[in-house]
Amino acid sequence: MAWSQDEERLLAQIERHLVDEDPRLVARLESFNERARRSEARAKGEPATRRPRRSTIIIMVSWLLIATLVATLLILILHNEAASLSF
């Protein structure tokens with residue numbers, strides 16, 4: 001059933017008023033809508049399109065940096081030991 005222009009205008013007015021009055025409500029509703037979309041996608045068997053959380057990305061980058069640092073230190077130690085044995 002299509003809505004009349006007056007009803008659509010009234011709903012848009014209500015929406016603008018709610019956004020102006022309570023921005024936290026808007027954030028909560030957006031979060032709820034995102035979770036509902038993901039839940040519907042899972043129910044339909046569609047692949048998940050969820051972005052990794054910021055904390056997950058920070059942890060992954062930290063582990064990558066630690067691994068790089070350890071590998072660099074091992075290479076330097078082995079290189080120095082090899083150089084000392086050759087003399």
Side-chain angles (χ1 to χ4, degrees):
M1 177 174 147
W3 294 17
S4 70
Q5 288 181 343
D6 289 336
E7 290 172 327
E8 288 187 22
R9 183 182 47 77
L10 184 60
L11 284 173
Q13 243 180 350
I14 293 170
E15 182 181 4
R16 280 193 302 273
H17 179 71
L18 286 173
V19 168
D20 292 342
E21 289 295 316
D22 194 359
R24 287 186 348 190
L25 175 64
V26 174
R28 285 188 203 136
L29 290 174
E30 287 175 356
S31 174
F32 173 78
N33 287 338
E34 180 61 31
R35 282 185 274 150
R37 271 188 236 110
R38 275 190 262 139
S39 177
E40 288 174 0
R42 272 195 303 262
K44 291 179 183 176
E46 296 175 4
T49 58
R50 190 177 116 179
R51 292 180 14 199
R53 293 183 179 165
R54 180 181 294 169
S55 59
T56 304
I57 293 173
I58 291 172
I59 291 170
M60 288 176 12
V61 169
S62 298
W63 276 109
L64 179 64
L65 290 173
I66 291 169
T68 303
L69 178 63
V70 169
T72 303
L73 290 173
L74 285 173
I75 290 170
L76 289 173
I77 290 171
L78 293 175
H79 181 69
N80 284 339
E81 286 181 6
S84 66
L85 291 177
S86 65
F87 284 112

When clusters are formed from ILVMFWY side-chain contacts under 4.5 Å, directly or step by step, what else is grouped with I77?
-> none
Quiz: residues 61-76 side-chain donor-acceptor pairs under 3.5 angstrom, not counting sequence neighbours:
| unit_1 | atom_1 | unit_2 | atom_2 | d |
| --- | --- | --- | --- | --- |
| S62 | OG | I58 | O | 2.8 |
| T68 | OG1 | L64 | O | 2.8 |
| T72 | OG1 | T68 | O | 2.8 |

Donor-acceptor contact present, side-chain D22 to main-chain L18, <3.5 Å | no
Hydrophobic cluster mates of V26, side-chain heavy atoms under 4.5 angstrom, ILVMFWY only, any path?
-> V19
Would you call E40 and K44 a salt bridge, taking side-chain N to carboxylate O under 4.0 Å as the test?
-> no
List the atom pairs, donor and acceptor, that lie under 3.5 Å between side-chain atoms in residues 8-16 and the rest of the protein, sequence neighbours left out.
none

With sequence neighbours excluded, tell me which residues meet side chain to side chain donor-acceptor pair (under 3.5 Å) with R28.
-> none
Please name all residues satisfying side chain to side chain contact (heavy atoms under 4.5 Å, CB included) with T56, sequence neighbours left out, ordered by chain then number.
-> R53, M60
